[in-house]
Amino acid sequence: MPPKHDSCCSCCSGFIITTGLTALFIWLSIRVDEPKCYLEYIYVPALNKTLNSTSNSTFIFTLKLVNPNKDKGIQYDDVQLRFRVFKDLNTTRSLGNATVGRFYQGHEKKAKKLGAVVNGVGNLTERVDGKVYYRVDFATAVKYKILLWYTKRDQLWGGANVEIGDSGEKLEKKAVRLGNSPVVVVVSGASELYGGYRALLIFLVVLTCVGFT
């Protein structure tokens, strides 16, 4: 017959392991990954040079939303979208807003939502250094469905700068991620190049100092 203290240790070890596995299972059950939002397509007829229709103030877009969760659905509130055009490197002007209506998205599903801005405000073709950049921002709230119940609402927002070409479509072929970036600036290529040389110069100076020590 095993000693009492060995039996007690076995019970305690079993309890700890069972409790740990239960806690891990619960944590995995309630842990969620936020959905990802992309601007998959945008078409601005006023920028299509083959049409010669700069007075057209309407443009269309496709929003793609991805649910990365294997065992959780997502209930979206209305997705609010704001479109702006850059007037210079760090100044934008509003073009208009659009709304994608609330919807439910199943486990690991992708959703594409077509929308439009009708009667955009002002000049849709303003340029910065000969290029047209739009700023696209979104905001919404989501609830995650775990088994039969929903979590509390989680606020989501994000945005990105998008260059529009002479065809009226975005130049980036891939869908553009509307990430959590609050910076609304079109970075000058010349500034980036200068910054790169400055970093290289600092590195060479440090390397030289180390060599002399």
| query | Side chain of Tyr134, backbone of Leu124: donor and acceptor closer than 3.5 Å? | reply | yes
I'd like to check Tyr38 versus Leu65 (side-chain heavy atoms, cut-off strictly below 4.5 Å). Are they in contact? no
Margin query: A quick test of your reading: do over 12 heavy atoms of other residues, nucleotides or ligands sit less than 6.0 Å from NZ of Lys110?
Written below: no
Taking the side chain as everything from C-beta on, heavy atoms only, tell me whether Asn69 gets closer than 4.5 Å to Ile74. yes
CD of Glu40 to NZ of Lys113, rounded to nearest 0.5 Å, is 13.5 Å
inquiry  = Would you say the ring centers of Phe83 and Phe61 fall short of 6.0 Å from each other?
reply    = yes
Rounding to 0.5 Å, atoms CZ (Phe86) and OG1 (Thr92) come to a distance of 6.0 Å
Quick one: does Asp166's side chain have a donor or acceptor within less than 3.5 Å of a partner on Asn48's backbone?
no
Rounded to the nearest 0.5 angstrom, the NZ-OH distance for Lys145 and Tyr104 is 5.0 Å
Here the pair of heavy atoms bringing Asn123 nearest to Val85 is O-CG1, 4.2 Å
Between Thr125 and Ala46, the two heavy atoms sitting closest are CG2-O, 3.7 Å
Between Asp88 and Lys131, does at least one N-O distance fall below 4.0 Å, as a salt bridge requires? no
After noting the C-alpha distance and the side-chain angles of Ile146 and Thr151, does the key distance pass the side-chain contact (heavy atoms from CB on, under 4.5 Å) rule? CA-CA 7 Å; Ile146 303 174; Thr151 65; 3.8 Å; yes
Exercise for review: Apply the test side-chain contact (heavy atoms from CB on, under 4.5 Å) to residues Tyr41 and Ile60: give CA-CA distance (whole Å), side-chain angles for both, the deciding distance (0.1 Å), then the verdict.
Suggested key: CA-CA 8 Å; Tyr41 177 78; Ile60 61 175; 4.1 Å; yes
Nearest heavy-atom approach of Ser57 to Asn119 is OG-CA, 3.3 Å
Heavy atoms, side chains only, cut-off 4.5 Å: are Leu39 and Phe138 in contact? no
All heavy atoms of Asn67 vs all of Gly73, minimum pair found to be ND2-CA, 4.0 Å
One should read off an interatomic distance between His107 NE2 and Asp71 CG, to the nearest 0.5 angstrom, of 6.5 Å
Validation row: Val66, Pro35 side chains within 4.5 angstrom (heavy atoms)
no
Taking distance alone, no hydrogens or angles, what donor-acceptor pairs closer than 3.5 Å link side-chain atoms of residues 95-103 to residues at least two apart or in another chain?
{"unit_1": "Thr99", "atom_1": "OG1", "unit_2": "Gln80", "atom_2": "OE1", "d": "2.9"}

- Task: Would you mind reporting whether Leu63 and Cys37 have side-chain heavy atoms less than 4.5 Å apart?
- Result: yes
Margin query: So Leu156 and Glu34, do their side chains get closer than 4.5 Å, heavy atoms only?
Written below: yes
For Pro45 and Asn56, the nearest pair of non-hydrogen atoms, with its separation, is CB-ND2, 3.5 Å
If you define the side chain from C-beta out and look only at heavy atoms, does anything of Lys170 sit under 4.5 Å from Tyr43?
no
Notebook entry, point to check: With a 4.5 Å heavy-atom cut-off, do Arg93 and Glu126 have their side chains touching?
Noted result: yes
Is any side-chain N of the basic residue among Asp77 and Arg153 closer than 4.0 Å to the acidic one's carboxylate O? yes
Would Lys72 and Tyr144 count as a cation-pi pair here, with the cationic atom under 6.0 angstrom from the ring centre and within 45° of the axis?
no
Any salt bridge linking Arg84 with Asp137? Criterion: basic side-chain nitrogen under 4.0 Å from a carboxylate oxygen.
yes
Heavy-atom donor-acceptor pair, Thr62 side chain to Leu114 backbone, under 3.5 Å:
no
Rounding to 0.5 Å, atoms CZ (Phe59) and CD1 (Ile164) come to a distance of 8.5 Å
Taken to the nearest 0.5 Å, the spacing of Leu171 CG from Glu163 CD works out to 4.5 Å
